[in-house]
Amino acid sequence: MSLELILLIAALLLILSIIAGKASLRFGVPAPLLFLLIGMLAGSDGPGGIAFDDARLAQSVGVLALVLILFSGGLDTDLQTIRPVLWTGLILANLGVVISALLVAVVAHLLLHFSLLEGFLLGAIISSTDAAAVFAVMRTRDVNLRDNLEGLIELESGSNDPIAVFLTIGLTMVLADPSRSLASLAPLFVLQMTIGGVAGYALGRIMAIAINRARLQLEGLYPALMLGLVLLTYGGTALINGSGFLAVYLAGIVLGNCDFAHKRSLLRFYDGLAWLMQIAMFLVLGLLVYPSRLVPLIGEGLLMSAFLIFVARPVAVFVSLAFTRYDWRAKAMVSWAGLRGAAPIVLATFPLLAGLDRAGVIFNLVFFIVLTSVLIQGTTIARVARWLGVQQSQPPATFRYPQEFIPQVSASSQLVELTVAPGSPACGCAIMELGLPRGALVVLIHRNTDTLVPGGTTILEPGDRVLLLTERSALNEVRRVLG
């Protein structure tokens with residue numbers, strides 16, 4: 001196949017995926033599911049007939065995509081949002097994966113005749129929630145949860161990949177080499193997480209310093225500089241036996257909560273790059289699977305998927321959150337929001353490349369479980385949130401404005417959308433009477449179906465959604481003023 005034909009096919013698949021992503025918002029179907037289906041239809045068993053069976057290439061594309069998706073997710077994470085749920089999220093991310101994997105191991109051993117180690121491997125692969133799927137669904141399905149549940153769910157999905165990767169690779173090595181023992185993995189896990197955490201924090205700080213001191217004359221070089229630093233973070237951490245995934249996610253959080261040059265344009269660039277990587281990852285993994293091989297596993301796949309969604313995941317969440325302030329409704333919501341996506345499929349390529357006996361069955365089972373998870377949980381997450389009563393009654397502010405016309409007063413200036421709460425002291429007050437802190441400016445007010453350009457005498461009403469340009473240091477005071 002010529003390079004020109006490869007580029008043409010890639011362009012058509014990309015454009016088709018973008019069209020499908022737009023359609024997903026209208027019809028309520030998660031975009032990751034459509035990306036996977038497009039890849040399957042373009043593959044050997046589909047009408048596209050593209051022969052692709054290079055598991056190593058698919059794994060490489062998947063790992064690169066996950067690195068950039070995790071980094072972008074970290075960049076968009078507000079530290080003030082996750083700080084109250086930091087330890088809760090880390091416990092859920094790690095303990096939840098282990099509990100789910102152990103439960104899946106037992107069921108796979110009893111019902112699918114896997115060995116306990118093979119069952120544990122299957123469980124480790126499918127027990128982590130997928131950052132790409134969770135970020136995509138949570139941010140496009142109008143899910144606005146109370147009690148900071150969104151921060152908890154996104155933190156879990158971004159931080160449970162390292163332990164899933166570690167367990168998958170470790171168990172694959174144990175199965176490939178029986179002389180190894182599970183006990184030997186414990187110190188390696190501590191080492192990897194420690195190195196990954198320290199490297200991620202340190203390199204996130206270094207990124208901020210490097211970008212601010214680079215003083216590049218061409219603004220277009222800043223995304224390239226940041227990309228180099230991200231790849232350096234992952235590759236360098238992995239080479240010294242640290243968790244590269246943990247390092248890039250943590251570096252993204254650290255950098256995103258620092259002030260650095262061209263911050264707004266870089267955030268937009270990496271948001272677009274994350275979507276591109278998500279499309280590429282799902283398409284390639286869709287091409288890798290043969291739908292005809294999934295048909296004989298429908299029974300086993302439905303069984304394992306149902307057990308994971310309705311038993312293993314809820315047990316893991318309720319046990320992990322047993323001593324927290326969350327009620328059963330909140331825990332049930334976290335359980336239902338545990339979407340599986342491309343990450344488990346990428347992990348399933350490790351035993352495939354290692355040549356394990358049941359690797360083909362594990363890969364096809366994982367693919368089937370991911371499809372059912374995204375289809376069932378991804379399409380109903382907003383409905384379940386309303387049914388459980390954890391959806392906030394006040395919808396999030398959704399201003400639509402051209403990014404290019406938004407001034408960046410300083411490196412720390414940012415746009416914030418806040419709602420004037422009923423009963424707030426700001427209700428009935430003119431903007432000039434609010435006593436907003438220095439560095440805060442009201443840009444727009446969205447009231448019912450109208451958008452107002454405010455003046456100093458504009459009176460605020462309950463339910464007004466206010467768009468402000470403010471310094472980061474003034475943000476807490478602005479939130480207090482608006483109640």
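We're numbering straight along the sequence, starting at 1.
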Tell me if a side-chain donor or acceptor on [X] pairs with a main-chain N or O of [Y] at a distance below 3.5 Å.
| X | Y | answer |
| --- | --- | --- |
| Thr349 | Val346 | yes |
| Glu118 | Ser115 | yes |
| Lys263 | Gly256 | yes |
| Asp271 | Leu267 | no |
| Asn364 | Leu294 | no |
| Thr233 | Val248 | no |
| Arg465 | Thr419 | no |
| Thr194 | Leu191 | no |
| Asp177 | Met173 | no |
| Ser72 | Ile69 | no |

Nearest heavy-atom pair of [X] and [Y]: which atoms, and what distance?
| X | Y | result |
| --- | --- | --- |
| Pro291 | Met40 | CG-CE, 3.7 Å |
| Gln377 | Ser335 | NE2-O, 3.8 Å |
| Cys258 | Ala208 | CB-CB, 4.1 Å |
| Thr237 | Ala199 | OG1-CB, 3.5 Å |
| Ser373 | Gly338 | OG-O, 4.2 Å |
| Thr77 | Asn257 | O-ND2, 3.0 Å |

Pairwise side-chain contact, [X] with [Y], heavy-atom cut-off 4.5 Å (strictly under):
| X | Y | answer |
| --- | --- | --- |
| Arg56 | Val61 | no |
| Ser243 | Val165 | no |
| Leu356 | Leu121 | yes |
| Pro47 | Leu41 | yes |
| Phe189 | Leu167 | no |
| Thr129 | Arg313 | yes |
| Pro162 | Met193 | yes |
| Val63 | Tyr234 | yes |

- Task: Decide side chain to side chain contact (heavy atoms under 4.5 Å, CB included) for Leu371 and Arg340; before the verdict, give the C-alpha distance in whole Å, the side-chain angles of both, and the deciding distance to 0.1 Å.
- Result: CA-CA 8 Å; Leu371 282 178; Arg340 274 66 189 171; over 6 Å; no
- Are Phe120 and Phe114 close enough that their ring centers fall under 6.0 Å?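 No, ring centres 6.0 Å or more apart.
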- Query: Is it true that Tyr270 and Phe71 have ring centroids separated by less than 6.0 Å?
  - Reply: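 Distance test on ring centres: under 6.0 Å, yes.
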- Message: Using side chain to side chain contact (heavy atoms under 4.5 Å, CB included), reason through Ile195 and Leu246 one step at a time and then give a plain yes or no.
- Response: CA-CA 9 Å; Ile195 294 176; Leu246 177 60; over 6 Å; no
- Working for side chain to side chain contact (heavy atoms under 4.5 Å, CB included), residues Tyr290 and Val295: CA-CA 10 Å; Tyr290 287 77; Val295 175; over 6 Å; no
[atom2] on [Y] to [atom1] on [X], rounded to 0.5 Å:
| X | Y | atom1 | atom2 | value |
| --- | --- | --- | --- | --- |
| Asp161 | Thr168 | CG | OG1 | 10.0 Å |
| Asp78 | Glu154 | CG | CD | 11.0 Å |
| Ser305 | Leu365 | OG | CG | 10.5 Å |

- Message: Counting only heavy atoms from other residues, nucleotides and ligands, does the tally under 6.0 Å from OH of Tyr201 exceed 12?
- Response: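 Counting other residues, nucleotides and ligands, OH of Tyr201 stays at 12 neighbours or fewer.
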- Is it the case that more than 12 heavy atoms not belonging to Arg325 sit under 6.0 Å from its CZ atom?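 Above 12, so yes.
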- May I have the step-by-step check of side chain to side chain contact (heavy atoms under 4.5 Å, CB included) for Thr88 and Tyr326, ending in yes or no? CA-CA 10 Å; Thr88 303; Tyr326 293 109; 4.2 Å; yes
- Over 60° means perpendicular and under 30° means parallel, so classify the ring planes of Phe35 and Phe282, tilted if in between.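 Ring orientation of Phe282 relative to Phe35: tilted.
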- Task: Take the angle between the ring planes of Trp336 and Phe310 and call it parallel below 30°, perpendicular above 60°, tilted in between.
- Result: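 Plane angle between 30° and 60°, so tilted.
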- Task: Can you spot which of Val106, Val104, Val98 makes a side chain to side chain contact (heavy atoms under 4.5 Å, CB included) with Leu102?
- Result: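 Answer after filtering Val106, Val104, Val98: Val98.
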